[in-house]
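In what follows, chains carry the letters A, B, and so on, assigned in the order in which the sequence lines appear, proteins first and then strands, with residues in each chain numbered from 1.
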Amino acid sequence: MSKNKTAGYKGPHGYQKRKEGDGRSCVRYKCGLTNTIQDVLRQRPGWMEVKDDGEWDFNWCDVGWLRENFDHSYMEEHVRICHFRNHYELTRKNLMVKNLKRYRKTLEREAGRIEAAKCDFFPRTFELPSEYHLFVEEFKRSPGSTWIMKPVARSQGKGIFLFQKLKDIMDWKKDGSRSEEQRDETQVESYVAQRYIENPYLISGRKFDLRVYVLVTSYIPLKAWLYRDGFARFSSTRFSLTSIDDQYVHLTNVAVQKTAPDYDPEKGCKWQMQQLRRYLTARHGTETIEALFKDVDNIFVRSLQSVQKVIINDKHCFELYGYDILLDQDLKPWLIEVNASPSLTASSQEDYEMKCCLLEDTLHIVDMEGRLTGREKRVGGYDLMWNDGPVYREDVNLETLGSACFTANTHLGCVNDRKKQLRQLLKPFPGKKRI
Amino acid sequence: MMDEGTELSLTIAQIVQRLKATNLHSQIERQAKECLHRPEIQLESLKEDVRNFLKASGWERKLQNAVYRELHVQPLPRHPAAPPEHAKEPLAYMRKAQVNWEKRILKSLNSMCTELGVPLARKRPAVEQKELTNKWNEMGTDEPGKWTSQSICSVRRLNTPSYSISHDSQVLISLRNPNHDSSEEASAKSHWGLIQVPLHDRDIPQMREAYSELSLTTGQLGIDDHTHVPPVLLCYECASVCVVPVVNEQDSAAAQQYSRQGCPTGLRADLWALVLNSTNEPEDVMHYEQLKAGVIHHDLLVDNLIYKDVKLTASNDDYYFVFEDFLYQVLLCFSRDTAVLEHFSYNSATPPKSYIQGEPFYPCRGRVIPFHGFSMYVAPLCFLYNEPSKLYSVFREMYVRYFFRLHSVSSSTSGIVSLCLQFERLLQTHLPQLFYHLREIGAQPLRIAFKWMVRAFSGYLSTDQLLLLWDRILGYDSLEIVAVLAAAVFAFRAENLMEVTSLTSAEAVLADLSTLKVMPLIQIFLFATVI
């Protein structure tokens, strides 16, 4: 809650139009988390933490706080908060699928089959128990297939399991060996059953998935940034379909891997995105992998477009999403899920530095200090991916318009020379001399 | 002294001899016979026509590549009266040092056997063989002792001379040429470093000529090519235009020349295989399968060393841990490969041999005893090749051309002794203040740089940078660039190093090389240093 006690910062135009230089040199922030974000906020020049009920200009909250307080808060124009009110339309597995399916139908109606096929990046998914019969039909159509059951609202791999027989999930409903607590929970909890990707791309026999960061600062119009860094998370054991009970084989969340018997924290089971991209390029060639990353871009854009009309747009809100992508052996990327609160806890020094840079750049884009013009295509490690339309690397003007060759302005897994770029881009913080 | 003509015909004769024994020879012979049916082959001009056919169908190129490869691994041509040891190593005192070193290693291996009460080799029972066959692709999941007769964790002996790198450096430091009296040299010319043998080394002006493709004005690949920024990297675009024909033509020599400026990521695997003339024909795959069968039937004592090495080094590395299984698959086969024996004709080392009940026995038939860090020679290659037989083929070729020189005592310019000396001389000549300072605080630079050079920087640089360095090793057919890089690293961190006051702090300054960009460092050191 932020009351109007900010005398001294009102410019001649009030806060109606954010102009360059019209930003704040003292930002009061509230932070509900105790990990990397705390360090980043604390180190930002001119930012001060407010405790308890103090007024704030910026709030990095968790979704619980949001749920309880957002509707009762009045926010001044300049105030920023790190979630959209109904982000769960994108981040809860059942809602995401519902929105995607609906979007796909609309696309097919309006633009034809081929265009709609661009949305085929999520495996067949059904919500249970509501779509149970539809699921059974699909299940019977593909005998011998493996499916994965996921609770819609949990994270970090909790409650997930694989099955190949219908009776496995019936058993589960009736299974007395499940603990009391779980049985009670399952009564209220929705699950999704999703076709398991049986031919994941393996590196040296191991399965991995990708974590990619996308920052959305507005849904209408849609403005989204893609961060160049990210990582590939490996499962600690070799992939095999013979042991579907073995969580450690199939689930790549670090939280799950950490409990694996041979997990060695010194070892780490992550590769930086740059490393992965280089590996894939060495293996398959530049063109193939460029095409792959283009398909990955497509996933981000389409998934955001599918919820564009549903999410309550609010100029105070921005959101940093953690996308989980899986590659199969044909180098097709699949969307596993979208996280509204991607883990900001660091698993190693390298990871810590990456997340610090990610969060710093996020704050640069949110731009409480008013240092950006709003016309930037790149800020630090972020590239502007979508701005009410695709964003291209090349400058589009009358001369180049005729040319058919435009490349998307995304650089996932490419060199991230953010420090250099930021030095050239940003004015020093208000009150500080340029270094 | 042989005259050039004799030398040449001797070399040709040797190469022809070696190629006659290869599969390529029988393939070409068969092709020549089969082409006789073709309409364009006329009886009158038979020889000419067959030659043209072989040229057009790519066989001539394959032959060229094979000859090119032989030239790389040829022992030095020697005088007919010289004994065979001279081909391995012309300097007597070096040979002697190598022999002594090997004796100590072998002795330590033998006592390991005695102490553990295990044989050097053991045939696996049928049940174990079957299990190992099933688990071949995931040996990394098991405990290290599972497939050997003794759990290695309890073996403290593995920290002995046969195994550790610090011992290697001791041997080199104590090398002296008995014919050389250094007391007469003026003190200004004296060498400040640890290596005190009078081997030939090059200075920067000579290197500028030798490494002209690395000059500041020549574009280098891999500096920014993964940002795919079109206007800036005409280098990359040129590269795509130039390199694809090289790959299509399958020309080893051209590929080697090309690698001097770095290989594009997407084509590196093919280019390296070309430069090394490493093929993945059915007979290569079969050879690999035979080696694999050997691993399954017998367990060797040296396998313990391999398991331990992989677990301690590659498995703990942030990037290479993924390739653990590949490393076992390659290294276990490597230690059984008798084809590696060939390289001993030009290696100053001798295959280690011991005696069991009076009978000579080779503890590892490939004749190379793995040591701590050995798996790091293979790990970066896993990044490029994922078929075990192909990976094996490339690794073996790299080993017999380059890596073996990093752990045997010899006078070769690519040998570890020369590299150490080259490194020290470069530092003393161009950074005398730094060298003097480090020496005074008891931090001889070689003590820090040795471990980098023995591994050709594997595990110290980030993978992409390491591969760029190895591009040049292949391109220039020499490990000398490794010594240059070591000196360049010191030059880069000179400012910080001038402020340290102990060996430990010097080591701390140089502990993390993972952020270094190799090519700019080398370029600046070679081409921007004021002479």
Residue pairs, two or more places apart or on separate chains, that pass salt bridge (charged side-chain N to carboxylate O under 4.0 Å, His left out) and touch residues 380-396 of chain B:
B:D337-B:R396

Would you indicate whether A:F293, at its atom CZ, is surrounded by more than 12 heavy atoms from other residues, nucleotides or ligands within a distance under 6.0 Å?
yes

Rounding to 0.5 Å, atoms CZ (A:R283) and CZ (B:R268) come to a distance of 13.0 Å

What distance do B:T265 atom OG1 and A:R278 atom CZ have between them, rounded to the nearest 0.5 Å?
7.5 Å

Working to the nearest 0.5 angstrom, can you tell me the gap between B:S514 OG and A:E350 CD?
7.5 Å

First locate atom OG of A:S204, then atom CZ of B:F323, and finally report the distance between them rounded to the nearest 0.5 Å.
6.5 Å

A:Q329 atom CD: more than 12 heavy-atom contacts under 6.0 Å
yes

Parallel, tilted or perpendicular: which fits the ring planes of B:F383 and A:Y279, with parallel below 30° and perpendicular above 60°?
perpendicular

Sequence neighbours left out, what passes salt bridge (Lys or Arg N to Asp or Glu O under 4.0 Å) with B:E397? Give chain and number order.
B:R69, B:R401

Are A:R206 and B:F321 close enough that some pair of their side-chain heavy atoms sits under 4.5 Å apart?
yes

When rounded to the nearest 0.5 Å, the distance separating CZ of A:R277 from CG of B:D464 is 13.5 Å

Could you tell me the separation between the OG1 atom of A:T286 and the CG atom of B:L267, rounded to the nearest 0.5 Å?
6.5 Å

If you tally heavy-atom pairs under 4.5 Å between each of B:C382, B:A269, B:S462, B:G266 and chain A, the highest tally belongs to B:G266

